[in-house]
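Each remark here refers to the structure printed beneath this line.
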Amino acid sequence: MISSDEVDVASLPDPGQSVIRAHALTRYFGNKCAVNGVSFSVPRGSVCAFIGRNGAGKSTTIRMLLGLLAPTRGRSMILGHDSLELPPETRARIGYMAEGHPVYPWMRVSQYGTFQKGFYRRWNQGMFSSIIDYFAIAPRTKAGELSHGQRAGLHLAMTLASEPELLVLDEPDTGLDPAARRSLLEAMIHFTRNRERTILFSTHLLDDVERMADHVMVLDYSVLRVACSVDLFRDHVRRVLAQFSGPPPRELPDIRGLLRATAGENDLTLIVANYSGHTERLLESVGAQTVVEQPLSLEDALVAYIGRHGKKDLFSAGRVES
Amino acid sequence: MSGWRVQIATGSGTPIYRQIVEQVRLAAATGALVAGQGVPSVRSLAEQLLINANTVAKAYGELVRDGVLESRQSLGYFVAEKRQVFSRGERLRRLRQAVDDFVQEAIFLDFTADEIQRAVEKSLTALEWCEKATEAGQ
């Protein structure tokens, strides 16, 4: 399930446990393809991190899931409904925090509580107030005077006060100071006290992915490359060090799943998806004397998927970065 | 509860749940945690470490399976009485495996037999005070 090219997640049987399912979701803006045939599912009760470089298509995907943007092709389901035909009562069960935390600058924080309350049948004012307090916000403050972290706190308070069962957070942690970030993570952990609740969050902070997520999705150049549990991902992506008697070869045979190859003086470090004994034999066939597996952090494994700076051809040609 | 705390590092080659397993196992083996002592609940450790509660649950599950912790209904998790869940043969097999891995790694790093032995002794000495503390406490 590491690569969406290999397994179509949406085609796998679903015992009714997914809160989100996307099938071949595609969106063009003019000629530009923003999201290309993305299929995945988010299991109920999971904390799913959605990562990818800026412009990879994360926000576009999220907006399609929520029915805020129509797909060019494909479809998605959220809480059992087609994203484009979401009844208001189902929408009320979803808490969505948009990127950048926009606010009406003239409105006071306390007024936001009253204003927002009108849109929801369920509204937990105690929850709203305690999160506002948690982010050290005075209720009389005008939203325009809040810091970036406090604006995130205000959005979080509005989102959580409606007691949703699904949280969709678009880069909630971007630009937060350490205290605000800690409050955000604490709120996320608190939210999942109820095991039926689900979080989908996009982020650039891989540290937060490692702390919070049990599932991970990687979107790279509009294509979904990873959609699986974090355990499975860590299990499948490995780093090996191949040692040679002299300089390593400049050209490599076609190694399936090769994500990154870095040359040292007499060695090659490879990060490989779906690593197997076959990879080791291929390396030995080009002169590797020893092939040793090395520990690989989740962060490095994820960066191997997203940090390639567009050098796609370099890899398919099997050439090596030095 | 003693001053003992789990500490985790992100960005490490060791997954967080494995860091928790290893630290609790070591603390129980050296006496920093003693039999019958309670450990934080899944929720409170998750909130303290700022991590997904499932990660703590997974670590505790493994520690219970290996006989390091025991779960007492509605009371939480406690350090189990030391007991061997493995036969002597199995323990020896695991020890040999651990030693082989360690020696191979050390030789790969170009250390001599002497240096390796000294490093092992130093590491054992460092654990000794904990052992003594355990004996004194019992």
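Lettering of chains follows the sequences in order, A, B, ..., and the numbering in each one begins at 1. When reading the values below, keep in mind they use all heavy atoms of this one structure, side chains included, and skip hydrogens, waters and symmetry mates.
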What parts of residues 41-59 of chain B touch chain A if we use heavy atoms and a cut-off under 4.5 Å? B:R43, B:A46, B:E47, B:Q48, B:L49, B:L50, B:I51, B:N52, B:N54, B:K58
Heavy-atom contact with chain B under 4.5 Å, split by part of A:D231: side chain
Sort by residue number and list every residue of residues 168-187 of chain A having at least one heavy atom under 4.5 Å from chain B. A:R182, A:L185, A:E186
Where on A:I189 is there a heavy atom nearer than 4.5 Å to chain B: the side chain, the backbone, both, or neither? both
Which residue out of A:M188, A:M212, A:H190, A:E299 racks up the most heavy-atom pairs below 4.5 Å with chain B? A:M212
Report, by ascending residue number, the residues of residues 8-21 of chain B in heavy-atom contact with chain A at a distance under 4.5 Å; give 'none' if the set is empty. B:I8, B:A9, B:T10, B:G11, B:S12, B:G13, B:T14, B:P15, B:I16
Which residue pairs satisfy the ring pair (Phe, Tyr, Trp, His ring centres under 6.0 Å) criterion with at least one member in residues 47-71 of chain B, sequence neighbours excluded? B:Y60-B:Y77
In terms of heavy-atom proximity below 4.5 Å to chain B, should A:A301 be classed as side chain, backbone, both, or neither? neither
Please flag which part of A:R239 lies under 4.5 Å from any non-hydrogen atom of chain B: side chain, backbone, both or neither. neither
Of A:S297, A:G45, A:P295, the largest count of non-hydrogen pairs under 4.5 angstrom with chain B goes to A:S297
